[in-house]
Amino acid sequence: MIECDRSGEPNLRAADYTMQELMVVAGAREIRDDDVVFVGMRLPLLAFQLAKATHAPHAIGIFENGILRDKPAGDALYTMGDTPNIEGAIWTTSMMDIMSLLQSGKVSLGFIGGAEVDRFGNLNTTYIGGKERVRIRLPGSGGGSDIASLAGRVIIMMSHERRRFVERVSYITSPGFGDGENWRERNGLKGGGPCAVITTKGILRFDSKTKEMVLDSVHPGVIVEEVLENTGWNLNYKSRIKETDPPTRLELRTIRRFDPTGFWTRNGMK
Amino acid sequence: MIECDRSGEPNLRAADYTMQELMVVAGAREIRDDDVVFVGMRLPLLAFQLAKATHAPHAIGIFENGILRDKPAGDALYTMGDTPNIEGAIWTTSMMDIMSLLQSGKVSLGFIGGAEVDRFGNLNTTYIGGKERVRIRLPGSGGGSDIASLAGRVIIMMSHERRRFVERVSYITSPGFGDGENWRERNGLKGGGPCAVITTKGILRFDSKTKEMVLDSVHPGVIVEEVLENTGWNLNYKSRIKETDPPTRLELRTIRRFDPTGFWTRNGMK
Amino acid sequence: MQKIFSMKEAVLRFVEDGDSIVMGAALEAAIPFAFGHEIIRQEKKNLTLVGPISDMLFDQMIGSGCIHKVAAAWIGNVIMGVGYNMRRAVEEGIPRKVEVDDYTNFTISLALHAGALGIPFIPTKSLLGTGMMSGRMPFQEMDCPYTKEKLALVPALNPDVAVVQAQRADEEGNTHYWGGSGVTKEAALSARKVIVVTEEVVSKKVIRRDPNRTLIPGFLVHAVIHEPWGAHPSPMQGYYNRDHEKYMSYYQESKEREGYLRWLDKWVFGVKDRGEYLKLLGEEKMKSLLIKRRRKSLTVDYGY
Amino acid sequence: MQKIFSMKEAVLRFVEDGDSIVMGAALEAAIPFAFGHEIIRQEKKNLTLVGPISDMLFDQMIGSGCIHKVAAAWIGNVIMGVGYNMRRAVEEGIPRKVEVDDYTNFTISLALHAGALGIPFIPTKSLLGTGMMSGRMPFQEMDCPYTKEKLALVPALNPDVAVVQAQRADEEGNTHYWGGSGVTKEAALSARKVIVVTEEVVSKKVIRRDPNRTLIPGFLVHAVIHEPWGAHPSPMQGYYNRDHEKYMSYYQESKEREGYLRWLDKWVFGVKDRGEYLKLLGEEKMKSLLIKRRRKSLTVDYGY
């Protein structure tokens, strides 16, 4: 029996798409039609473009350089500052205006990435080894910390490697749930915190009480053990783990329209 | 002997101009060519237009509705929001931008008016009789208090009447020098405070040490006693009081170009 | 979601008794007089008005009795001086007592800016040493933890409704505005509900062709009201000039309560909407206010 | 006062050793690469760079040894990831130790906004619970006197120099800009000296025809530099697109210190100014970056 995707065509096999393409699809599926999305760059940007072109035509995308769009850009984007991202925008303005929307609770969803994440969804994108004993100096927060602190819900996208999934990050650039229950409330953070971590191996969510990460689905071809091995703590997982829905043909065609050279999705993870 | 004005023509006599026209001229003469002027409305607006058209062509005018101009408007203005004040502006923007310039010390001169002023240049434009026993409720601060607090120097223009020139205002809308020496410093005010009061009878300035108002000149046809009688405290005056220079013909022609119907300068003080 | 409403429907649906409403945020221009008059006609109750100055609109609304409080920097008639209804209300409680929270133009901007920014207050160097720091006003003094200098704290305002009067908007409320905008953007970003009153409703393509001209993004907007001449007698850049005479005559008419009531009967209750108001105003008057000297902006290129 | 300067003269005259300089404030677009390269050529010393992100310009400047400190939200290469010079400087002190004050995009904006506003700090709900609150960073925690909620305070920044890269300006520095402007206005309003690098110098009439397009008023501007393609390889809306390849090749070349020095010799010290840089870049490359699909804004009327 051949399984079919949502467009009625036979399911794509893992060889037909890259892991980045699957992540973009998973990201896009988190976007609701009524979301105001703080988009960012790289895979999230493609996820937003894909969602707009498919199931979330009314979603709004905002970019911290001062852009609000309600339709995908007319050409491939490498950065949010690229000329096609300005043309046809609804609003081109300042970062202060965009961040006002974020801090006043008008942004329902944000995407961030990171070099290190811990069991409570805290991200480190600044100092590997901690600030006092810097082993690797990474670029820093950008807008990531602001989104993590202030957006209604937050989706983390990153590569699933044991060195990146650590028990406790050595430096919090972008706050998740700190040390667990009530930490955000105690620290006065407004936003809802992370709701999903989309990795190269699966999708993880957070226990509503303990705020610990829980494995929710594995990508096609990935087994649970592989995820656990690549996670630096005893990862909780549901008794019946789903398999992440593969991309549909339509989704894949759409992604390839927005990333025609495959810079983001077919040359490996940046 | 016929005295001549600065354009070489015989001096105008008091009958040739109104008191408002003289005040506009006196206000204009306070504007330096390198001033950034927070203009406001009414007579100060005319003073700015006059200064720009005569001795201060490089002065810049800013208006709190969000306008920066470096040339007079192309038509008569009744308010700063009138359409000719926007056309040909250098910058049309928000009040926050204009007030940023003011609070960060980039505005060298501001004009304000008031219903009541006291010996230290404090203005009341809100509650005659004080806030607790309101006798007359006036319109309030507008931007006046901000200008008085924050501009490099401040010029007050008002009608010289005993009920308006009071020993101590019952409510400070726009701070002058409070109760005298060091009051502004003690209260953390940034701007330099008032430097001149241009009235319907003369021009008053402030003692650099005591910060008390001192009569500096009387308008043509006004005697010192008349000023003293119309002032609600023992006004200091210089031993040799100057006479305010009357308008020149050029100045008068220019004012009448900017106030063609005489709304501001020939129908009496509003 | 359909956002186009008539003035009547919009006021009915989006203005509730007891609401705080920021309007007239662009100061002397683009004042939503038509909106204010419809509020009076619908006899809304216990409203709080918020704005820097509003020229004579706030005075007109105070006189009608629908206002409980005003939080503003200035209330009067810009070219004429005081507002008589405001005086009667504050001094004598006629037609009812109105409270005034006294701000300055800057500090009402800061209050709305803080509201827009989602922070509870913003510090300033204005207000210090003034009467506004005392009494029941919410400003506090603070010594700066960094510089030790004195600061005044301005708490955030988040009005229930912001009314934005603009030149053009699309059906979703994406709004183009040009001219000095005062504190319009902060007003809209701080409010729970945003209502746009526009001279023209344009296609979204027009918005997209110049996104730097956008002052308010549509996703914040609850209602779009197509109301040409909705700002009269205040000016609307590119559409009509200020009708100075209206301010002069209102000043005279409103000196006594009876005169104000006659004005109210004629210009507010005597017309059912802005269309009838304009008929009463007359074509000749409208023609005299039209833009005579067109001054088109130059274009810029957004291409790629 | 004559404000038109060549790039060389402007950097010579307005950038002093030890200055703090905010640049790249529009994020990935309109980055003043030509200005940064001239600073390197003139071997300025002990500069502090300020900006949200600067794409790879800050990394290039750090590698040259002229930078003592960076106050930024992100330092790297936007499409490629890390900046190798920044890593070498922070991790190994090569070519010299560079301090980093870690901000977020929002909080560097707030710091400059506070500077522009003339207040010593501004509160925020960002930063709380992060590593940036600790160490020698100047952020403080505070309990709000109104709401009792936790706040982080961001102290003001007032850089010595702001470099604004724009599409057009007149000889006095009145500057038109379109596209997303990031934190450019706050940067300019907070700085002691403002330098505008512009694609075109236009007459003041062009400015006056659309004053809402003005981002920076000329009276704040000390120098205007007419430098077409001054932002390459970053994009300039209406003039040229982003040269993605340049970011990719720099990333590879700068992996090792030697490779970076070769890049520096070729693209900075090997050319005496932007004119020679563009010759080296080549006409064909420039042509490939030109705007292909023009998209003119519609006009509006400023008449009266």
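In this text the structure is predicted, and so the values were computed from the model without any measurement. Every chain is numbered from 1, with letters handed out A, B, ... down the list of sequences. All values below were derived from every heavy atom in this structure, side-chain atoms included, with hydrogens, water molecules and symmetry-related copies excluded.
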| Can you check side chain to side chain contact (heavy atoms under 4.5 Å, CB included) on B/Asp82 and C/His244, steps first, answer last? | CA-CA 10 Å; B/Asp82 289 6; C/His244 310 299; 3.2 Å; yes
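- The environment of CD in B/Glu167 is crowded: more than 12 heavy-atom neighbours from other residues, nucleotides or ligands sit within 6.0 Å.
- Judged by distance alone, with hydrogens and angles left aside, the side-chain atoms of C/Glu149 form no donor-acceptor pair with the main-chain N or O of B/Gly188 at under 3.5 Å.
- In this structure, the side chains of B/Ile136 and C/Arg87 come closer than 4.5 Å at one or more pairs of heavy atoms.
- Remark: C/Lys125 NZ to B/Asp146 CG distance equals 13.5 Å, nearest 0.5 Å.
- Counted within 6.0 Å of CD on B/Glu185, heavy atoms from surrounding residues, nucleotides or ligands total more than 12; the atom is thus considered enclosed.
- Residues C/Met137 and B/Lys131 meet the side-chain proximity criterion, which asks for heavy atoms closer than 4.5 Å.
- Proximity to chain B (any heavy atom under 4.5 Å) is restricted, for C/Val90, to the side chain, taken from C-beta onward.
- Across B/Thr83 and C/Tyr240, no two heavy atoms sit closer than the pair CG2-O, 4.0 Å.
- Heavy atoms closer than 4.5 Å to chain B are found nowhere in C/Asp59, neither backbone nor side chain.
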| message | Does B/Glu87 form a side chain to side chain contact (heavy atoms under 4.5 Å, CB included) with C/Arg293? I'd like the steps, not just the answer. | response | CA-CA 10 Å; B/Glu87 194 279 323; C/Arg293 185 182 164 213; 3.9 Å; yes
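- Contact count versus chain B (heavy atoms, under 4.5 Å) is highest, among C/Arg242, C/Glu141, C/His113, for C/Arg242.
- The side-chain heavy atoms of C/Ile79 and B/Trp264, taken from C-beta on, include a pair separated by under 4.5 Å.
- Put simply, the side chain of C/Glu28 reaches to within 4.5 Å of the side chain of B/Met41, judged on heavy atoms.
- Side-chain atoms of C/Met132 and B/Ile172, non-hydrogen and from C-beta on, never get closer than 4.5 Å to each other.
- Residue contact with chain C, scored on non-hydrogen atoms closer than 4.5 Å, involves the backbone of B/Thr93 exclusively.
- Of the residues considered (B/Gly140, B/Gly142, B/Ala148), B/Gly142 shows the highest number of contacts with chain C, using heavy-atom pairs under 4.5 Å.
- Here CZ of B/Arg186 is found 13.0 Å from CG of C/Leu128. Values are rounded to the nearest 0.5 Å.
- For chain C, no part of B/Trp91 is nearby; none of its heavy atoms comes within less than 4.5 Å.
- Heavy-atom distances place the backbone of C/Tyr103, and not its side chain, under 4.5 Å from chain B.
- When C/Val100, C/Asp55, C/Asn77 are compared by the number of non-hydrogen pairs under 4.5 Å with chain B, C/Val100 comes out ahead.
- Most heavy-atom pairs under 4.5 Å with chain B, from the set C/Ser109, C/Gly81, C/Ala30, C/Gly83: that is C/Ser109.
- Within the 4.5 Å cutoff, side-chain heavy atoms of B/Tyr171 are placed close to those of C/Asp102.
- Annotation: the span from C/Trp178 atom CH2 to B/Ile86 atom CD1 amounts to 12.5 Å, rounded to 0.5 Å.
- Heavy atoms of B/Arg135 lying under 4.5 Å from chain C belong exclusively to its backbone.
- One distance of note links CZ of B/Phe63 with CG of C/Leu27; it measures 12.5 Å at 0.5 Å rounding.
- In plain terms, the two heavy atoms of C/Pro235 and B/Gly81 that are nearest each other are CG-O, 3.5 Å.
- C/Met86 and B/Pro139 make their closest contact through CE-CA, 4.0 Å (heavy atoms, listed as atom of the first residue, atom of the second, distance).
- In this structure, B/Leu150 CG and C/Leu127 CG are separated by 9.5 Å, a value rounded to the nearest 0.5 Å.
- The backbone N or O of C/Arg88 lies less than 3.5 Å from no partner atom in the side chain of B/Arg137, so there is not a single donor-acceptor pair.
- Using a 4.5 Å heavy-atom threshold, the side chains of C/Lys185 and B/Ser94 count as separate.
- The choice from C/Asn241, C/Val183, C/Thr107 that makes the most heavy-atom pairs within less than 4.5 Å of chain B is C/Asn241.
- Looking at heavy atoms from C-beta onward, C/Thr130 lies out of side-chain contact with B/Ser174 at the 4.5 angstrom threshold.
- Residue with the most contacts toward chain B among C/Lys150, C/Met236, C/Glu186: C/Lys150 (heavy-atom pairs, distance under 4.5 Å).
- Of the candidates C/Asn105, C/Thr104, C/Ile108, C/Thr104 is the only one forming a side-chain contact (heavy atoms from CB on, under 4.5 Å) with B/Ser141.
- Distance CZ/B/Phe263 to CE/C/Met248: 4.0 Å, rounded to 0.5 Å.
- Using a 4.5 Å cut-off between heavy atoms, C/Thr124 touches chain B through backbone and side chain atoms alike.
- Residue C/Glu99 places its CD atom among more than 12 non-hydrogen atoms of other residues, nucleotides or ligands, all under 6.0 Å distant.
- No hydrogens or angles considered: nothing links the side chains of C/Ser126 and B/Gln103 as a donor-acceptor pair under 3.5 Å.
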